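To keep things clear, I will list the structure first and then write my remarks on it.
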Amino acid sequence: MTQVREGKHRQNLFIEMHLPSESYSESASPSRSVPVRPVIFVVEDEEDIARLISHNLQGAGYEVQSFVSAASVLTEAVREMPALFLLDVMLPGTDGFELCRHIRQTPVLSATPIIFLTAKTSESDRVKGLELGGDDYITKPFSPRELVARVRSVLRGLGTERAASEVLRLGELEIDVSSMTVQVQGRNVMTTVREFRLLEYLAAHRGRVLTRDQLLDAVWKETPFVTPRSIDVYIRRLREKIEPDARHPQYLKTLRGIGYRFEVPK
Ligand code: CA
């Protein structure tokens, strides 16, 4: 089933490859947290697709390191510190979900953005990918242009264009917008880019009720696949990270049937 589907996608991809490619004029600006040519780790066992991805990402100004399996990805990543991982879900041996779990458990890599790439389209797979710490999810067949746009969007979420040292101190929580770090009672808490963006947005609008749609618009612009259900996944993950008791949240309050509100505990 998968073979057939992926085979068909490959054809689609080749058709796109021969179309005039869009030129990407946006240049990578030097910044503290993203190198001039960010390195992207692509883990994809289908060589044609991997080549297509590399070609397009390189054309967009990224450096690409390709892997056909999960085998040496972690060791290489610890050495190279890629700006982003693009993981195919269905890989021989360790699959993309499992690899994502390993990446998130590796302290120096735990905040590196991860985009999943897969032929699977079911809602439960999407949710699983997000629960494991994925930042985005692209389903095959995809257009190379869309892929590049998603990569850009996730990397832009790193907030390199922000004003320096804006720190929100709320209760026991410290949210540093410039370094994208979160501390709870002075202890560092690892978040993914999207988790951080969601927390930052809620905190910046504290006291206000925000609907799932508003949060989607604010944090997941340009990622049409994300559903309101995904917000719940992210909120749950954030609660586990920042709340003293995730089951009785003090910061991230649910307003049943409406959305969420950030509150500063007394
Ligand atoms: Ca595959």
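All ligand and atom numbering here is 1-based and tracks the order in the structure. Since the structure is predicted, the reported quantities are computational estimates derived from the model, not experimental observations.
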Query raised in the report: How is the N/O/S atom of Asp88 that comes nearest to the Ca ion (ligand 1) named?
Result: OD2

Query - Salt-bridge present (Lys140, Glu44; N to O < 4.0 Å) - result: yes

Query raised in the report: Does Asp136 come within less than 4.0 Å of Arg197, counting only side-chain N to carboxylate O?
Result: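 Salt bridge between Asp136 and Arg197, a charged N being under 4.0 Å from a carboxylate O: no.
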
Could you tell me whether the Ca ion (ligand 1) has an N, O or S atom of [X] under 3.0 Å away?
| X | result |
| --- | --- |
| Asp45 | yes |
| Glu46 | no |
| Thr118 | no |

Show me the donor-acceptor pairs within less than 3.5 Å that the side chains of residues 256-266 make with the rest of the protein, sequence neighbours left out.
residue, atom, partner, partner atom, Å
Tyr260, OH, Asp232, OD1, 2.7
Arg261, NE, Glu263, OE2, 3.0
Arg261, NH2, Glu263, OE2, 2.7

Using distance only, find each side-chain donor-acceptor pair of residues 70-86 under 3.5 Å and give its atom names and separation, not counting sequence neighbours.
residue, atom, partner, partner atom, Å
Thr75, OG1, Ser72, O, 3.1
Glu76, OE1, Gln65, NE2, 3.1
Glu76, OE1, Arg79, NH2, 3.3
Glu76, OE2, Arg79, NH2, 2.5

